[in-house]
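Letters go in sequence order (proteins before strands), and every chain restarts at 1. Keep in mind the model is a prediction, meaning the values are calculated, not measured.
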Amino acid sequence: MSVLPWVVAAWLFGVGVYGIATSRNYIHLIGCLSVCQSATYVLLLGIGYDWGAGPPIFYDHPPGTPAVDPIVQALVLTDIVVGATVSALLLAMALQVHKREGTLDPQEIKPLKGQ
Amino acid sequence: MSPKLRPALLALAALAILPGFWRVACALPGFGSPVSPYGQAVNALLPEMRRVSNMVSAINFDVRGFDTIGEEFMLLAAVAGTVLLLRGGRGEDRADAGGRIGGRAIVPRADAVVLICRICGPFTFIFGVYVALHAMATPGGGFQGGVVIASSLLLIYLGEGYGRWRQLVREPVLDAVEGAGALLFVAAGLLPVFLGLRFLTNVLPFGTAKDMLSGGLMIVENAGVTLAVAGGFGTVLLEFMEETRATTSEVADPDDGRTGDRA
Amino acid sequence: MTLLDVLVPFPVVLPLAVGAIVLALGERLPKHAPEALGIAAALAVAGLSAVLSRGALDAGTPVYWFGGWEPRPGVTLGIAFAPDPASAGIAAFIGLLFAAALVFAWGFFDEVRSTFNVLMLLFLAAMQGFCLTRDLFNLFVWFEVMSVAAYALTGFSLKRASLAGALNFTVVNSLGSMLMLAGIGLVYARAGALDFEAVREAVGRAGHDPVIVGGFCLVSVALLTKAAILPFQFWLADAHAVAPSPVSVIFSGSMVPIGLFGFAKIAVQVFPGSPDAGSILHGLLFGVGCATAVVGGLLAWSQRHLKRLLAFSTIGHIGIMLTGVAALSPVGLAGALAYLVGHGLVKGTLFMLVGVLLAEKAGVDELNLRGLGRDIWPAGVLTGLAALLLGGAPLGLLHGGADLVSAAAPDGLAGWAMHLSVLVGTALTGGAVLRFAGRVYLGLGPDPGDEAEAPTDEEQEKADRPLWLMLAPCILLLGIDVLVPADLAEHMAARVLPQFAHLAAGSVAVPPPTGWTAVEPWLALLGAVAVAGVALFRDRVPRILPAAGGMFKPVVAGLNRLHTGVINDYVVWMALGVAMFAAWATF
């Protein structure tokens with residue numbers, strides 16, 4: 001069973017990408033992007049997990065008790081900030097597009113055409 | 001690309017990635033038995049070296065404090081970007097009152113909602129400050145506390161309505177809080193430079209473990225993060241809420257805007 | 001601690017601090033203070049990075065441990081900056097480009113002046129951090145700060161096209177950053193470290209290891225997405241064509257190229273010990289680089305929207321740089337770095353010159369603007385010069401870089417494939433820009449008649465800025481590119497590269513010039529002039545030439561049709577790109 005967390009991470013990323021590729025609404029698409037982001041949380045936290053170890057906070061138990069890897073937890077905290085910032089920007093853009101075009105369908109909101 | 005081609009190509013890509021993924025998954029260190037010396041070294045060394053009990057905070061504010069500066073300014077950039085992207089479009093004819101959607105019944109705010117918000121608002125605010133203050137001892141920290149503080153502002157909106165909310169939550173104040181928080185973090189980093197040490201070197205007394213005021217310079221950095229996050233998320237909430245304002249013509253309505261249609 | 005050591009964090013910290021001050025004071029600052037502060041900070045950053053580069057050249061690369069967290073035996077705890085001469089030199093060039101873009105933008109953003117300047121300062125700081133850092137996760141953090149600032153700046157004008165371009169840009173690049181973080185996670189799972197040195201040792205010990213290769217592939221995909229390498233390039237034209245001109249200058253001149261720079265850096269500083277990563281770089285990415293050069297050139301040639309034209313030409317030039325990196329020879333790497341700076345100077349200038357057209361003539365459509373540029377002829381002279389430089393004229397820094405890239409070509413068929421694709425890419429992009437200069441500023445070419453109907457929205461940029469103020473930074477940047485002698489690139493290669501790529505001093509030997517290196521720039525230039533000439537004098541050249549050009553029309557039309565502007569398609573292409581890496585690494 002030791003590959004299960006990695007399978008879960010890959011699955012989350014995969015369904016997120018599938019959602020983005022088939023999405024017809026930008027709000028839904030932004031949600032799918034957050035699903036992809038969650039895959040990275042699962043992967044990082046999975047990498048640092050240790051059977052039988054406690055949290056890396058030595059308040060209730062003394063320093064020296066086995067604890068999981070705190071580095072990946074700090075990385076995930078930064079990752080969450082990344083997710084929040086990108087979502088805020090995307091939602092602001094989607095809002096403005098909807099106000100101007102009255103639609104959120106990515107296939108109708110097109111940038112400049114070539115040639 | 002036709003709608004049917006996209007899933008087909010995705011499936012093809014997935015097929016090509018699958019064998020590679022499986023090899024990586026099998027070669028990764030087994031789940032639950034990490035091999036990283038980095039995290040274990042932090043767990044072993046930091047409680048003694050910095051007298052803090054929360055290792056995640058110790059990493060965010062001391063060992064990898066420079067990452068957190070980047071993270072702070074990423075938030076700053078996102079907030080500035082949201083302000084930039086949501087400007088205009090709302091027009092100048094907006095009043096400081098909430099908008100209504102035409103045809104939807106107006107249900108007056110229940111007394112219970114007002115009461116609960118008035119009780120929970122200040123409590124949530126204080127809880128946010130508590131979470132932020134005890135960053136070095138217990139789970140939490142400036143980022144988490146700042147977000148809780150910013151969301152307590154939303155309870156003002158919920159309990160008091162849009163007009164009062166706008167009176168109490170002012171954009172220039174939030175900007176100043178956010179900028180000052182970011183500057184405080186940078187200043188904390190520069191202090192040791194003036195003492196001839198490396199940027200972000202922890203030069204203040206560390207205090208005692210499990211104490212609110214342990215960790216030396218980390219306390220200052222944590223305060224900076226709290227201010228920057230609270231101000232930043234406050235600004236984002238404000239910017240998005242501005243989108244719901246009513247136009248002046250709606251408010252000038254004899255029915256106090258309650259039946260105003262929005263095109 | 002020497003004085004040089006003290007300076008190391010300031011290229012990042014200075015613009016961050018100025019940005020926070022501008023934000024905190026907001027509208028209380030006097031009218032042009034945010035702009036003036038921004039320009040001063042950019043110039044100071046350029047100076048600081050130049051001093052660091054020079055100092056590292058003389059005294060070796062300093063390693064600056066933040067918080068004083070020097071490595072302990074067996075474990076590296078902290079984050080370090082390592083400004084080697086090449087990285088700090090690129091950082092100094094970025095500072096200069098920002099200063100030029102901000103001068104060009106003077107008065108452009110009056111309506112949102114402090115917000116715009118805050119974003120530009122954070123953008124600048126992030127690029128400095130990205131260039132100077134020696135830590136994988138710190139690299140990711142600055143990469144992401146850079147991205148967030150760029151996403152917001154793209155949508156600035158709030159028109160339909162710019163919002164759509166910004167959405168595409170944000171979604172594709174965010175997916176890229178997630179893959180990068182996953183890749184860093186894999187590397188961390190195996191190496192238990194994030195510091196470049198520590199990871200390099202672990203990678204060397206691991207040998208053939210799927211986890212390391214997986215990490216390398218994922219991090220590469222993210223950086224190559226930023227660098228707009230095939231098939232991750234779709235977002236670029238949408239975003240660059242709609243961003244405000246001063247921002248496009250930064251995008252094409254530095255943001256996209258340093259994506260490739262970051263890739264080159266991790267390839268030589270982190271993964272040199274992995275044979276599989278070497279095979280991906282030398283095999284797969286060498287071919288991809290050649291393809292990118294040709295496709296970018298063809299697409300640029302086929303555009304009439306000038307910003308889109310320049311955007312596609314950037315893709316072609318990045319492809320040329322990638323072939324230099326993938327040739328796996330120190331000379332090619334040095335060539336790619338010199339090319340990066342030269343290209344940034346010339347392409348930055350060109351985006352400013354198109355910005356001049358947008359401000360003065362309210363248009364960027366080549367056919368619409370035919371002959372309208374006569375009264376701003378100084379801009380025309382500069383455009384012509386920039387076109388010749390882009391087309392391979394044997395002059396200046398860009399040529400020096402191209403020369404080194406060409407010298408690094410492997411023997412045999414692969415080498416000729418590389419020469420040919422570089423030649424085609426250079427000639428087509430140079431020719432396309434030359435054609436637009438001839439049409440807009442000289443009124444050459446057949447009268448387009450009804451065809452002149454622009455396919456795009458109204459897109460004027462703020463008009464009442466003095467012409468000399470907009471042209472001054474163009475002259476400065478082009479002047480620097482022309483005045484730096486081409487052989488300086490070769491001298492610098494031998495001195496700068498050993499510290500960048502961890503080679504022994506004196507081990508970088510530039511091969512003696514062959515007949516081909518003397519002929520190549522002239523061939524490219526001839527090709528560029530021919531491409532422009534055929535388009536502009538269709539009626540007066542032998543009929544066989546336009547007919548030969550017409551043969552490529554279906555191919556180019558097909559390529560253009562793939563750029564649908566629909567995010568769903570772009571994500572599918574990205575998945576196919578990842579599959580390409582996975583398949584190469586597995587089989």
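- When heavy atoms are compared at a cutoff of 4.5 Å, A/Ile109 approaches chain C by way of both its backbone and its side chain.
- The one candidate from C/Arg304, C/Arg308, C/Arg439 that meets the salt bridge (charged side-chain N to carboxylate O under 4.0 Å, His left out) condition with C/Glu366 is C/Arg439.
- For C/Tyr570, no part lies under 4.5 angstrom from a heavy atom of chain A.
- For A/Tyr26, the part lying near chain C is the side chain, with the backbone staying farther off; criterion is any non-hydrogen pair under 4.5 Å.
- Side-chain atoms of A/Asp79 and A/Thr40 form a donor-acceptor pair, as typed in the model, at a separation below 3.5 Å.
- Among the candidates C/Ala166, C/Gly165, C/Gly155, the residue making the largest number of heavy-atom pairs closer than 4.5 Å to chain A is C/Ala166.
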Full working for side chain to side chain donor-acceptor pair (under 3.5 Å) between C/Asp195 and C/Thr76: CA-CA 7 Å; C/Asp195 179 62; C/Thr76 310; 4.5 Å; no
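- Using the six-membered ring where Trp is involved, C/Tyr151 and C/Phe169 have ring planes that are perpendicular, over 60° apart on the 30 and 60° scheme.
- In terms of heavy-atom pairs under 4.5 Å with chain C, the best-connected choice from A/Val82, A/Val81, A/Thr85 is A/Val82.
- Looking at C/Leu299, there are no atoms closer than 4.5 Å to chain A (heavy atoms on both sides), in backbone or side chain.
- Between the side chain of A/Asp50 and the main chain of A/Ala67, no donor-acceptor pair closer than 3.5 Å is present.
- Only the side chain of A/Glu101 comes within contact range of chain C, judged by heavy atoms closer than 4.5 Å.
- Taking the six-membered ring wherever Trp is involved, the centroid distance between the rings of C/Phe143 and C/Phe140 does not fall below 6.0 Å.
- Within the 4.5 angstrom heavy-atom criterion, only side-chain atoms of A/Leu89, from C-beta onward, approach chain C.
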Test side chain to side chain donor-acceptor pair (under 3.5 Å) applied to C/Asp569 and C/Trp573, step by step: CA-CA 6 Å; C/Asp569 296 344; C/Trp573 285 110; 5.9 Å; no
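- There is no contact between C/Val145 and chain A, counting heavy-atom distances below 4.5 Å.
- Contact of A/Ile30 with chain C is not made at all, since no heavy-atom distance falls under 4.5 Å.
- Among the candidates A/Leu33, A/Leu75, A/Ile20, the residue making the largest number of heavy-atom pairs closer than 4.5 Å to chain C is A/Leu75.
- Applying the ring pair (Phe, Tyr, Trp, His ring centres under 6.0 Å) test to residues at least two apart or on different chains, the pairs with a partner in residues 30-56 of chain A are A/Tyr49-A/Trp51, A/Tyr49-B/Phe31, A/Trp51-B/Phe31.
- With a threshold of 4.5 angstrom between heavy atoms, A/Leu43 approaches chain C through side-chain atoms but not through N, CA, C or O.
- Classification of the C/His240-C/Phe251 ring pair by plane angle, with boundaries at 30° and 60°, yields tilted.
- In this structure, chain C has a heavy atom under 4.5 Å from the side chain of A/Leu44, while its backbone stays farther away.
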